[in-house]
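Below, all heavy atoms of this structure are taken into account, side chains as well, without hydrogens, waters or symmetry copies. For ligands, and for the atoms within them, numbers begin at 1 and follow the listed sequence.
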Amino acid sequence: MEKIIVHGGNRLTGVVHIEGAKNAVLPILAASILGEEGITHLANVPVLSDVYTMNKVLRFLNLSVDFDEAKREVTIDATKQLSSEAPFEYVSKMRASIVVMGPLLARLGHARVALPGGCAIGTRPIDLHLKGLEALGARIEQHDGYIEAFADRLKGAHIYLDFPSVGATQNILMAACLAEGTTVIDNVAREPEIVDLANILNKMGAHVRGAGTETLRIDGVATMHGTEHSVVQDRIEAGTFMVGAALTHGNVLIQDGIVEHNKPLISKLQEMGAQVIDEPAGIRVIGPDRLQATDVKTLPYPGFPTDMQPQMTILQLAAEGTSTMTETVFENRFMHLEELRRMNAKYQVNGRTVVMHGPTDFNGAEVAATDLRAAAALVLAGLVADGYTQVTNLKYLDRGYYDFHKKLAALGAEIKRVSVADDDTVVLKNAHVNN
Ligand SMILES: CC(=O)N[C@H]1[C@@H](OP(=O)(O)OP(=O)(O)OC[C@H]2O[C@@H](n3ccc(=O)[nH]c3=O)[C@H](O)[C@@H]2O)O[C@H](CO)[C@@H](O)[C@@H]1O
Ligand SMILES: C=C(OP(=O)(O)O)C(=O)O
């Protein structure tokens with residue numbers, strides 16, 4: 001088992017490099033299925049366990065995938081005869097693998113993908129994905145834990161999404177690229193990761209317009225080809241370090257940070273007393289001596305991102321006064337708070353809103369991550385806790401953060417990742433954590 005051990009009290013100062021976005025690269029890898037001719041070269045690919053999982057899915061589908069981790073580059077050849085089945089073994093590991101459905105169906109006329117099921121942060125159904133594919137003319141069947149979709153050739157349609165689901169937008173968009181005629185999708189997700197996907201699809205020969213707005217218009221083409229693309233920066237990793245700087249009264253430059261992608265977070269950080277400066281080299285965040293309480297509500301982009309919610313609650317707990325966080329996107333994304341009780345957090349949950357009373361004197365404790373952003377949030381809490389905090393279940397952290405502890409250590413945190421036997425508590429208590 002591995003743990004992160006952090007000793008609280010150090011300010012974060014310096015410059016941090018941010019990786020390519022997990023939530024952009026996963027659908028982009030799926031999009032490579034559409035490249036019937038030529039090779040796809042991806043740059044700025046983050047070294048994350050989710051990327052390895054998606055690569056395995058693609059290889060299972062008979063694509064050749066070569067990941068040069070040192071260069072952060074992936075080369076994909078999708079020109080061979082592909083298989084149309086994504087099995088439970090991979091889809092169960094990572095929900096995002098459901099986005100292979102649209103491109104497989106578009107290219108092969110058939111896709112059989114294991115049902116992803118629910119996960120810790122919510123039930124996460126895929127009804128909107130399926131309704132959209134049906135609107136494009138697919139016949140959908142569900143049996144033995146698999147979704148199977150068939151279509152001779154998809155046909156363009158006018159689709160309205162009941163909710164701007166990121167995954168449904170991606171699946172329907174990719175399917176529509178090879179459909180006959182024009183598809184218009186209204187009330188789509190507008191995340192920067194959708195824009196990145198539309199950009200690579202256009203480089204692959206698709207005709208997609210409107211990415212970043214509420215409506216996508218796709219004129220179907222007969223074939224698509226490989227291309228070159230560099231993945232957009234991870235706004236959630238950037239946001240996590242911005243919160244870390246504000247929390248620790250630090251002074252951190254998020255190298256090449258993109259202000260436009262993190263506006264709601266920046267506005268809340270400023271409201272809480274942090275300085276956020278848009279510099280030529282990136283975004284600088286300078287934490288205040290005292291954080292002010294604030295109220296936050298998560299919403300689809302361009303609202304406050306649910307993927308920053310757990311990290312933001314740490315800042316709110318540290319702030320003076322009463323803060324609230326309302327989670328409107330996922331119904332069960334407060335699990336990190338249960339762990340934080342053990343670190344002295346005081347709060348009440350009323351339905352989808354948590355009321356937090358700060359400032360919290362965080363105590364170091366042994367806490368277990370319950371999901372990806374919960375893992376990052378617990379480490380952040382450890383940065384300002386009294387004594388040692390040990391965070392376990394790091395498999396969640398590794399889904400979305402590359403070398404998180406090393407980046408924090410480079411900014412001055414006293415933090416270390418260790419391999420330990422389950423009962424090795426004495427060694428941990430005495431561990432010197434600054435190397
Ligand atoms: C790999 C990836 O990019 N993951 C992101 C993506 O997840 P994901 O694409 O799964 O998120 P969605 O936008 O689809 O889900 C948002 C909400 O819509 C609901 N829903 C979704 C689809 C559907 O068919 N029916 C339905 O009811 C979900 O249960 C959830 O409550 O967007 C989320 C919302 O910003 C982020 O938290 C995730 O990090
Ligand atoms: C919830 C997240 O990812 P996923 O949709 O892949 O579970 C996330 O990135 O915070």
Under 3.5 Å, N/O to N/O: give me all the pairs between ligand 1 and the protein, one per line with atom names and distance.
residue: ligand 1; atom: 3 (O); partner: Asn23; partner atom: OD1; Å: 3.4
residue: ligand 1; atom: 7 (O); partner: Arg124; partner atom: NH2; Å: 3.2
residue: ligand 1; atom: 9 (O); partner: Gly167; partner atom: N; Å: 2.8
residue: ligand 1; atom: 10 (O); partner: Arg124; partner atom: NH2; Å: 2.8
residue: ligand 1; atom: 13 (O); partner: Val166; partner atom: N; Å: 2.8
residue: ligand 1; atom: 14 (O); partner: Ser165; partner atom: OG; Å: 2.6
residue: ligand 1; atom: 24 (O); partner: Pro125; partner atom: O; Å: 3.3
residue: ligand 1; atom: 24 (O); partner: Asp127; partner atom: N; Å: 3.1
residue: ligand 1; atom: 24 (O); partner: Asp127; partner atom: OD1; Å: 3.2
residue: ligand 1; atom: 24 (O); partner: Leu128; partner atom: N; Å: 2.7
residue: ligand 1; atom: 25 (N); partner: Pro125; partner atom: O; Å: 3.3
residue: ligand 1; atom: 25 (N); partner: Asp127; partner atom: OD1; Å: 2.7
residue: ligand 1; atom: 31 (O); partner: Val329; partner atom: O; Å: 2.5
residue: ligand 1; atom: 37 (O); partner: Asp307; partner atom: OD1; Å: 2.5
residue: ligand 1; atom: 37 (O); partner: Asp307; partner atom: OD2; Å: 3.4
residue: ligand 1; atom: 39 (O); partner: Asn23; partner atom: ND2; Å: 3.0
residue: ligand 1; atom: 39 (O); partner: Asp307; partner atom: OD1; Å: 3.3
residue: ligand 1; atom: 39 (O); partner: Asp307; partner atom: OD2; Å: 2.5

Handout entry: Side chains of Glu69 and Tyr52, donor plus acceptor under 3.5 Å
Key =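 A pair is found: one side chain offers a donor N or O, the other an acceptor, under 3.5 Å apart.
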Handout entry: Donor on one side chain, acceptor on other, Asp371 and His336, under 3.5 Å
Key =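 Their side chains do not contain a donor-acceptor pair, so the 3.5 Å distance test is not met.
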Donor-acceptor contacts, no H, no angles, side chain residues 15-27, under 3.5 Å, sequence neighbours left out:
residue: Glu19; atom: OE1; partner: Arg72; partner atom: NE; Å: 3.1
residue: Glu19; atom: OE1; partner: Arg72; partner atom: NH2; Å: 3.2
residue: Glu19; atom: OE2; partner: Lys407; partner atom: NZ; Å: 2.6
residue: Asn23; atom: ND2; partner: Asp307; partner atom: OD2; Å: 3.4

Problem - First-shell residues of ligand 2 [heavy atom, distance under 4.0 Å] - result: Lys22, Asn23, Ile121, Arg124, Asp307, Arg333, Leu372, Arg373, Arg399
Practice task
For the residue pair Phe60 and Tyr90, categorise the inter-ring angle as parallel (less than 30°), tilted (30 to 60°) or perpendicular (more than 60°).
Solution key: perpendicular
Problem - Donor-acceptor contact below 3.5 Å, side chain Asp186 vs main chain Tyr160 - result: no
Problem - Candidate pair Lys268 and Glu271, rule salt bridge (Lys or Arg N to Asp or Glu O under 4.0 Å), full reasoning - result: CA-CA 5 Å; Lys268 285 294 159 188; Glu271 213 177 295; 3.3 Å; yes
Handout entry: Electrostatic pair Lys3-Glu366, nearest N-O below 4.0 angstrom
Key =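 Between Glu366 and Lys3 there is a salt bridge, with a charged N closer than 4.0 Å to a carboxylate O.
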Exercise for the section: May I ask you to say whether Glu193 pairs ionically with Arg235, meaning some side-chain N is under 4.0 Å from a carboxylate O? Expected result: yes
Problem - Results of side chain to side chain donor-acceptor pair (under 3.5 Å) for Lys155 - residues two or more places apart only - result: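 In terms of side chain to side chain donor-acceptor pair (under 3.5 Å), with neighbours along the sequence ignored, Lys155 is linked to no residue.
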